[in-house]
Amino acid sequence: MRTYQVSGGADAPVVPVERPVPVPAAGHLLVRVKAAALNARDRLIVSGTYTAPVPPGRVPLSDGAGVVAAVGDGVTRFRVGDRVLSGFHPDWIHGPFTGWGDLYGVQRDGWLTEYIAVHERSVAAVPDHLSFEEAATLPCAALTAWSAVDGVGPGDTVLVQGSGGVSVFALQFARLAGARVLATSSSPEKAERLRALGASEVVDYVRTPEWGAAVRELADGRGADLIVEIGGAGTVSQSLDALADGGRISLVGNLASGGGLDLTRFFRRGAALRTITVGSRSDLERMNQVIGRHRLRPVIDRVFPFAAAPDAFAYFEKGAGMGKVVISL
Ligand SMILES: NC(=O)c1ccc[n+]([C@@H]2O[C@H](COP(=O)([O-])OP(=O)(O)OC[C@H]3O[C@@H](n4cnc5c(N)ncnc54)[C@H](OP(=O)(O)O)[C@@H]3O)[C@@H](O)[C@H]2O)c1
C-alpha cells in the first residue's frame with residue numbers, strides 16, 4: 001500500500017513509501033482510508049517542533065475517515081463496509097480525561113495512508129449526511145471546538161479568535177446552541193465569510209491591537225461569556241479585557257506566543273480558565289449525533305489528492321484559507 005511518512009528534511013514535509021497492508025489483530029479493524037485532514041499540530045510534527053519527539057518514518061495525521069475493509073477476531077461494534085472516523089485520543093473512550101496516551105503521528109502511525117489497523121473502540125461512526133472528506137475534519141478540530149463551547153446557550157455571547165479549523169467549528173456549534181458569536185480575524189475577506197457563517201461582528205485584531213475593549217463594547221459593554229482561546233499567551237490578556245465578569249475562557253491553543261501576563265487579572269475578572277484536550281470517543285459520538293440531527297456541514301477550504309499530499313502541507317503552512325485542508329484518497 002502507499003503511505004506517507006515524515007521526512008525529517010526541509011525540502012518535503014512528507015515522503016511517499018510502500019508498506020505492507022496491516023493485518024487486523026483481535027478487536028481491531030482494517031480501515032481503507034478515504035480522506036485525512038490537517039491540523040495546526042501537524043505543522044509542528046512535520047517540522048520537528050512538536051512538544052514530544054516524533055521518531056523518523058512516523059506516518060502523520062490524527063484525523064481520518066474511511067471504510068471498514070476487514071475485522072479481527074472478536075470485533076462487535078462494526079462490520080465490513082461501515083464508515084468510520086478516527087478518535088483523536090485512541091485510548092480515551094469516555095468519562096474524565098485519562099492522559100494523552102499514545103497519539104497518532106507521534107507515538108503511533110497516523111492516517112495519511114491507504115490502510116490503517118485500529119482498535120474498534122477507538123473509532124466512531126461517520127454521520128450519514130457527510131462525505132468522507134467532511135468526516136475527516138471532525139476528530140480533532142471539531143471535537144475540540146465542541147468541548148470548548150460545552151454549556152453555552154441562548155443569551156450567551158461567545159468569542160472565537162481567528163478563522164482556523166477549531167474557531168470555525170466553535171462558531172458553528174455556538175450558533176447551533178443559540179448563542180451570539182463574535183469573532184476576530186486578520187483578514188477582511190475571512191471576516192465576511194465568518195459573518196456569513198453566523199458571526200454578528202468581526203474585529204480585525206491586527207488593525208485593532210486593543211481588540212479586547214472593542215469586543216467588550218460589542219458585547220453590550222459587559223463582555224463575552226465564553227472565549228475560545230486559540231492564541232494563548234499572546235492573546236489571553238486581551239481576552240481578559242473582552243471577558244464578562246464571571247466569564248469562562250476555554251484554553252485551546254497557543255498560536256500567539258509572548259504577551260507577559262499578570263495572572264491576578266483572572267481573579268479580578270472572577271474568570272474560570274478551563275483547558276481543553278480534544279475529547280473522548282463518547283464526546284465524539286455525542287457531537288456526531290448533533291451534527292447529524294442538524295445536518296451541519298464542516299467548512300472545507302481545499303481538498304488535495306493523495307498524490308499531492310506534500311502540496312497540502314505547503315498550502316496549510318501558508319494559512320491563506322479558511323476552514324479545513326483535506327487530503328482525499
Ligand atoms: N487543546 C486542544 O485540544 C487542541 C486541539 C486542536 C487544536 N489546538 C490548538 O489550537 C490552535 C488552533 O488550531 P487550528 O487547527 O484551528 O489552527 P489553524 O487552523 O492553523 O488556525 C489558523 C488561524 O488562526 C488564527 N490566528 C492565528 N494567530 C492569531 C491571533 N493572534 N489572534 C487571533 N487569531 C489568530 C488566524 O485566523 P485569521 O486568518 O482569521 O486571522 C489563522 O488563520 C493551535 O494552537 C492548536 O495547536 C488545541
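Whatever order the structure lists ligands and atoms in, that order sets their numbers, starting from 1.
- Within a 4.0 Å radius of atom 42 (C) of ligand 1, the protein contributes no non-hydrogen atoms.
- Under the 4.0 angstrom criterion for non-hydrogen atoms, R43 is in contact with ligand 1.
- The option from I276, V325, D204, V203 that lies nearest to atom 2 (C) of ligand 1, judged by heavy atoms, is I276.
- Within the model, atoms OG of S280 and NE2 of H94 stand 8.0 Å from one another, a figure rounded to the nearest 0.5 Å.
- Close contacts between ligand 1 and T235 involve ligand atoms 31 (N), 32 (N) [criterion: under 4.0 Å to a heavy atom].
- Remark: E285 engages R281 in a salt bridge, criterion side-chain N to carboxylate O under 4.0 Å.
- Checked by distance only, ligand 1 and S185 come closer than 3.5 Å through their nitrogen or oxygen atoms.
- Of the protein's non-hydrogen atoms, the one nearest atom 25 (C) of ligand 1 is G162 CA, 3.9 Å.
- Scanning L255, T144, V206 for the heavy atom closest to atom 44 (C) of ligand 1 points to L255.
- By the 3.5 Å distance cut-off applied to N or O atoms, S187 is not counted among the residues near ligand 1.
- Taking distance alone, with nitrogen or oxygen atoms compared against 3.5 Å, A40 approaches ligand 1 more closely than that limit.
- Compare S239, G231, A256, C140 by their heavy atoms: the one nearest to atom 31 (N) of ligand 1 is in A256.
- Relative to atom 3 (O) of ligand 1, the option among V278, T184, T275, N254 with the closest non-hydrogen atom is V278.
- Contact annotation: for S163 versus ligand 1, heavy atoms closer than 4.0 Å belong to both the backbone and the side chain.
- Checking each of L61, V303, V33 against I327 for a side-chain contact (heavy atoms from CB on, under 4.5 Å) leaves exactly one that passes, namely L61.
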